Amino acid sequence: MTLIKKAYFLPLILFLVTLSVYIHNLSKSVFGGDVGDFVTAATVMGVPHPSGYPLITLLGFLLTRIDFATPAFMVGLISAVSSGVAVVIFYLFSLELTKNKLIALLSALVLAFNYIFWFYAEIAEIFGLNNLFVVLLLFLAYLFYKYKKIKYLYTLAFFTGLSMTNNYIISFIFPSIFILVFAHFKEIIKKPKVILTCIALGLSGLLFYLYIPIAASTNPPVNWGNVKDLGSFLDVILRKHYGTFGVGDVANIVPLQRLLIQREYFSTLFFQLTPPVIFFCMLGVLYSLKKHKILLISLVVGFILSGPFFIALIGISFYSSFYIGIYERFFTMSLVVLLFFFPLGVRFFIDLINKIFKKNSFETLFILILFIIPIFLFKYNFPKTDLHNVFVGDNLAFDLLMPLPKNAYFMVIGDTQIFNSWYARYSLKVREDVTLLTGVGNQNFEKVKDKYLKKYPKDANDIDLAGRVLKDLAKDHPVISSSKINLTTNEKMTWIPYGLSYLLLGEGKNMPTKEEFINKQSVIWNNFKNKDFLDSHLSSNSLTIVDIPDIYTSALIAQGAFIDSEYKDKKLALFYYQRAKLVDEKNRKPYLALATYYTSSNDCKRVEENVFKALDFYPLDSISYFLLYHNYKFCYKDNSKTKELTKRYEGIFKGDLLKDFTEYVRNASK
C-alpha cells in the first residue's frame with residue numbers, strides 16, 4: 001500500500017462507517033420542523049420559505065428524480081452524506097492539530113455520535129449541510145493561516161459563498177474565519193489579484209441562487225415569494241417579509257426569560273456533549289492559550305457568536321411548543337465549534353500523562369481508554385436518532401387530510417400543518433381532490449381570493465377578507481381550517497371541531513346534535529394513523545416534533561370546550577380535557593383547560609393544583625397567573641395570597657396584574 005493510499009484509508013473507513021449508521025437511521029418521513037417544506041419544494045422543483053435555500057432544494061430535486069425510496073429519504077441523504085463528510089474533515093483537522101491519528105479518530109467519533117449533530121444527519125433539513133460548511137470553512141481558514149498557501153484561500157472563498165446558499169446563520173462564524181485569514185493581512189493586501197479572485201470565487205458560489213427565479217417561473221405548487229422580477233427575488237433571498245434571523249418575539253421577552261433561555265442553552269449543551277467531553281474541551285481552551293492563541297481567539301469568537309449571542313438574538317420563547325421545537329436546531333453550530341477544542345484537550349491530557357510517567361509508552365493505552373466516550377455516546381444516542389421507522393410527521397398529514405370531505409377546501413395554518421400537508425398532497429399524491437389554501441408559499445388562496453374579489457371588489461381592503469372568502473366558499477363547498485378564523489364584525493362564522501381541524505358551518509346548515517358530533521369525532525379519531533403516537537409520547541424523543549402532540553392535544557381541548565359551550569355537557573367536556581392530558585403530559589394546555597373548568601365549578605383546590613402543574617412546564621405563562629389571581633381573589637377570597645401573587649407578577653412581567661387580567665377577560669369574552 002502506497003503512502004497516499006495509507007493516508008486515505010482511515011478517513012475512507014471512517015466515512016463509510018458513519019455514513020452506513022446515518023443511512024440506517026435516516027428518516028423516511030417528513031418528521032417535523034421545516035422538513036415538509038424542503039422535501040416538497042425539492043420534489044416539485046419549487047421554492048421553499050425564504051431565503052429560498054437553493055442548494056439543498058436543487059440537490060434534493062436531482063435526488064428525488066431517482067425512484068428508490070420516499071422523497072423524504074432521498075432528500076435526507078443530503079444530510080447523511082454531508083454529516084459523514086463533516087466527520088472526515090473534522091478528523092483531518094484534529095490530525096492537523098494533534099499529529100495523532102488515534103486522537104483524531106476519537107475526536108471525529110465524538111462529533112459523529114453526539115446527539116444533536118447525529119440527529120440532524122437523519123432528517124431532510126439544512127443543518128447537516130450547514131455543519132459540513134462550519135467544519136470545512138474553519139479547516140480551510142486554519143490551513144491558510146498555518147501554511148499561507150493561496151489555494152486554501154481560493155477554496156475557502158468559493159465555499160464561503162456556496163455556504164450562504166444553504167443558510168445565512170453560517171455568517172455567524174465568518175468573524176472566526178476572518179481572524180485566521182487576516183492574521184496574514186499584510187501579505188494579502190499587497191496582492192490585489194488575489195483579492196479580486198477571492199471575490200469572484202465567492203460570488204460564483206452564490207450562483208446557485210439563480211435556481212430560485214428559474215424554479216418560480218414554472219409556477220410550482222410550493223412557490224414562496226412568487227418571484228417574478230428582481231425586487232421579489234431580493235425579497236426572498238433577503239427574507240424581507242419573513243424575518244432575517246429572529247424567529248421569536250425578542251421585544252416582548254422579559255429579563256427573567258432571557259436568563260432562562262441562556263440557562264437552558266448552556267444546560268442542554270453541557271448534557272448533550274456530556275461532562276467528560278466538556279472537560280476535555282476546557283482543557284483544550286487552556287492548551288490553546290499556550291500553543292494556538294490565534295486559533296483560540298477565532299474559536300471563542302465563533303462559539304460566542306453562534307451560541308449565546310445567536311440564541312439571545314433570535315428571541316426563542318418557551319411559550320409556544322412550535323418555538324421549543326425550533327430551539328434545539330440552533331445548538332448545532334456552536335456545539336460543533338466548541339468541539340474543535342476537544343482534540344486539543346486530549347492532546348494536553350496525554351502530554352500531562354507522559355510527563356507524569358516520564359515516557360510515552362502509556363500514551364496509546366490512555367487514548368484507547370478514552371474511546372469509552374464515543375462508545376457511550378453511540379449506545380445512548382442510537383435509539384434516540386433511529387428514525388427509520390418513525391412516521392409521526394407523515395401520519396400527522398394523513399390525519400389532517402384523510403377525514404376531509406370530498407373536494408374540500410382546506411385552509412392550513414401553522415408551519416408543521418402546512419409543510420406536512422404539502423408533502424402528503426404534492427409529494428405523495430394523497431387526497432388530490434382537496435385544495436390546500438395557505439396564506440404563504442402557495443398560490444391557491446390567491447386564486448380563490450381573486451375570484452371572490454371579482455364578485456365583491458369593494459372588499460379588497462377589508463381586514464376580514466380571508467374570513468369572507470372562506471365564508472363565501474362554504475356556500476358551495478366543504479371548508480375546513482386547521483385554526484378558527486373569525487370576523488372582527490358582529491357577523492358570525494360557526495366553526496365546529498372536526499378531527500384536528502374545524503369545519504365551517506355553511507349558511508342554512510344545521511348544527512349537528514350531540515350524538516352526531518360525538519359519533520363523527522369517534523370515527524375520525526379511530527381512523528387516525530398516529531394511534532401509537534398518542535400512547536407512546538414520542539414528543540419526549542425530540543424537541544423537533546414537540547408541536548405535533550400539541551396539535552392533537554389542542555384538538556381534544558377544542559372538542560371539550562365545544563361540547564361544554566354548545567351542548568352544556570360538562571362531564572363529557574371533562575373527559576376530553578383529561579384525554580388531552582394523556583396525549584402529552586408535559587403540555588401545559590390541558591392543565592390550563594382543567595383549571596378553567598374547575599374555576600367554573602369553584603373547585604379552588606383543583607384550580608390551584610392544575611395551574612401549578614402548568615407553571616411547572618412554563619413558569620412565565622401569564623394566563624396561569626390570571627387563573628391564579630381569579631382563584632385567590634374570588635374563590636379562596638384570600639387577600640394575602642392575591643397581593644403576594646400581584647407582587648410576583650409585577651416582578652416577572654413588569655406589568656399590573658389587575659389591569660392585564662381585566663384586559664384578558666375582555667378579550668376572552670369577545
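Model, not experiment: these values are computed from the prediction.
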For this session: Look at atom CG of Asp229 and say whether more than 12 heavy atoms of other residues, nucleotides or ligands are closer to it than 6.0 Å.
Result: yes

Problem set entry | Minimum heavy-atom distance between Gly52 and Val236, given as atom pair plus value | N-CG1, 4.1 Å

Problem set entry | CZ/Phe233: more than 12 non-hydrogen atoms of other groups inside 6.0 Å | yes

Exercise. Going by the ring-ring contact (aromatic ring centres under 6.0 Å, His included) test, which pairs reach into residues 475-511, not counting sequence neighbours?
Worked result: Tyr409-His477

Exercise. Could you state the interatomic distance from CG (Asn25) to OG1 (Thr385), rounded to the nearest 0.5 Å?
Worked result: 4.5 Å

Problem set entry | Aromatic contact, Phe119 with Phe127 (centres under 6.0 Å) | no

For this session: Test Thr416 against Asp547 for side chain to side chain donor-acceptor pair (under 3.5 Å), laying out the working first.
Result: CA-CA 8 Å; Thr416 300; Asp547 63 328; 2.4 Å; yes

For this session: Determine whether Asp464 and Thr489 make a side-chain contact, defined as any pair of heavy atoms from C-beta on separated by less than 4.5 Å.
Result: yes

For this session: Any chance you could lay out the ring-ring contact (aromatic ring centres under 6.0 Å, His included) test for Phe517 and Phe562, step after step, and finish with the verdict?
Result: CA-CA 10 Å; Phe517 175 78; Phe562 181 78; 4.9 Å; yes

Exercise. Side chains of Phe528 and Pro403: closer than 4.5 Å at any heavy-atom pair?
Worked result: yes

For this session: Report yes if the side chains of Leu487 and Met493 come closer than 4.5 Å at any heavy-atom pair, otherwise no.
Result: yes

Problem set entry | Residue pair Asp37 / Trp224, side-chain heavy-atom distance below 4.5 Å | yes

Seminar exercise, completed: To the nearest 0.5 Å, atom CG of Leu400 lies from atom CG of Leu500 at 5.0 Å

Exercise. Tell me, do Ile123 and Leu387 make a side-chain contact under 4.5 Å, heavy atoms counted?
Worked result: yes

Exercise. Do you know which two heavy atoms are closest between Thr43 and Phe61, and how far apart they sit?
Worked result: O-CD1, 4.5 Å

Exercise. When you look at CG of Leu62, are more than 12 heavy atoms from neighbouring residues, nucleotides or ligands closer to it than 6.0 Å?
Worked result: yes

Exercise. Do Lys514's NZ or CZ and the ring of Tyr567 fall within the cation-pi criteria of under 6.0 Å and 45°?
Worked result: no

For this session: Assert yes or no for the condition that the ring centre distance of Phe38 to His49 is strictly below 6.0 Å.
Result: yes

Exercise. Is the backbone N or O of Asp386 less than 3.5 Å from a side-chain atom of Glu122, with the two atoms forming a donor-acceptor pair by type?
Worked result: no

Problem set entry | Interatomic distance, Ser501 atom OG to Leu504 atom CG [nearest 0.5 angstrom] | 12.5 Å

For this session: Taking all non-hydrogen atoms of both residues into account, name the closest pair between Thr165 and Pro54 and its distance.
Result: O-CD, 3.2 Å

Problem set entry | Flag, side chain of Tyr22 to backbone of Ala112, donor-acceptor distance under 3.5 Å | yes

Problem set entry | Check: Thr18 side chain, Phe15 main-chain N or O, donor-acceptor pair, under 3.5 Å | yes

For this session: Can you tell me which residue pairs pass the side-chain hydrogen bond (donor to acceptor under 3.5 Å, both in side chains) test with a partner in residues 417-426, sequence neighbours excluded?
Result: Tyr426-Asn442, Tyr426-Asn444

Exercise. Can you find a heavy atom in the side chain of Val35 that is under 4.5 Å from one in the side chain of Phe419?
Worked result: no

Problem set entry | Under 3.5 Å donor-acceptor, Glu566 side chain and Ile496 backbone | no

Exercise. Quick check: are there more than 12 heavy atoms from other residues, nucleotides or ligands sitting under 6.0 Å from CZ of Phe73?
Worked result: yes

Exercise. Is the shortest side-chain N to carboxylate O distance from Asp569 to Lys571 below 4.0 Å?
Worked result: no

For this session: Taking Thr513 for its side chain and Glu516 for its backbone only, find out whether a donor-acceptor pair lies under 3.5 Å.
Result: yes

Seminar exercise, completed: Value for CG (Leu473) from OG1 (Thr435), rounded to nearest 0.5 Å, stands at 9.0 Å

Problem set entry | pair Asn510-Leu505: side-chain heavy atoms closer than 4.5 Å | no

Exercise. What do the steps show when you test Phe117 against Val87 for side chain to side chain contact (heavy atoms under 4.5 Å, CB included), and what is the final call?
Worked result: CA-CA 10 Å; Phe117 180 90; Val87 169; 3.8 Å; yes

Exercise. Of all heavy-atom pairs between Gly393 and Val30, which one has the smallest distance, and what is that distance?
Worked result: C-CG2, 3.8 Å

Exercise. Counting distance only, does the side-chain N/O of Asp564 pair as donor-acceptor with the main-chain N or O of Gly560 below 3.5 Å?
Worked result: no

Problem set entry | Test item: side-chain donor near acceptor, Asp399 and Tyr552, under 3.5 Å | yes

Problem set entry | For Asn219 against Gln443, the heavy-atom pair lying closest together | OD1-CG, 4.3 Å

Can I get a per-line list of side-chain donor-acceptor pairs under 3.5 Å for residues 446-454, giving both atom names and the distance, sequence neighbours left out?
{"residue": "Glu446", "atom": "OE1", "partner": "Lys449", "partner atom": "NZ", "Å": "3.1"}
{"residue": "Tyr452", "atom": "OH", "partner": "Asp459", "partner atom": "OD2", "Å": "2.6"}

Seminar exercise, completed: In this structure, CG of Leu436 is separated from CZ of Arg431 (nearest 0.5 Å) by 10.5 Å

Exercise. Can you tell me how far CD1 of Ile563 sits from CG of Leu572, rounded to the nearest 0.5 angstrom?
Worked result: 4.0 Å

Exercise. What residue pairs, at least two apart or across chains, pass salt bridge (charged side-chain N to carboxylate O under 4.0 Å, His left out) with a residue in residues 40-52?
Worked result: none

Exercise. So, do Tyr591 and Phe617 have ring centers that fall under 6.0 Å from each other?
Worked result: yes

Exercise. With a 4.5 Å limit on heavy-atom distance, are the side chains of Thr488 and Ile463 in contact?
Worked result: yes

For this session: May I ask you to say whether Lys28 pairs ionically with Asp394, meaning some side-chain N is under 4.0 Å from a carboxylate O?
Result: no

Problem set entry | Tyr115/Trp118 aromatic ring centres below 6.0 Å | no

For this session: I would like to know whether Met45 and Leu58 meet side chain to side chain contact (heavy atoms under 4.5 Å, CB included); could you show each step before the answer?
Result: CA-CA 8 Å; Met45 193 181 170; Leu58 181 54; over 6 Å; no

Exercise. Do we see a donor-acceptor contact under 3.5 Å between the side chains of Asn130 and Asn167?
Worked result: no

Problem set entry | Whether Ser83 side chain and Ala80 backbone form a donor-acceptor pair below 3.5 Å | no

Problem set entry | Pairing of Arg468 and Glu491 as salt bridge, 4.0 angstrom limit | yes

Exercise. Between Val479 and Leu470, which heavy-atom pair has the shortest distance, and what is it?
Worked result: CG2-O, 3.8 Å

For this session: Give a yes or no answer on whether the side chain of Arg239 reaches the backbone of Pro50 with a donor-acceptor pair at less than 3.5 Å.
Result: yes

Problem set entry | Leu59: side-chain contact (heavy atoms from CB on, under 4.5 Å) partners, not counting sequence neighbours | Leu55, Ile78

For this session: Applying ring pair (Phe, Tyr, Trp, His ring centres under 6.0 Å), name anything that partners Phe133, two or more places apart in sequence or on another chain.
Result: none

For this session: Using a cut-off of 6.0 Å, state whether more than 12 heavy atoms not belonging to Lys492 lie near its atom NZ.
Result: no

For this session: Show your working on side chain to side chain contact (heavy atoms under 4.5 Å, CB included) between Met411 and Ile480 and close with a plain yes or no.
Result: CA-CA 6 Å; Met411 187 72 182; Ile480 314 291; over 6 Å; no

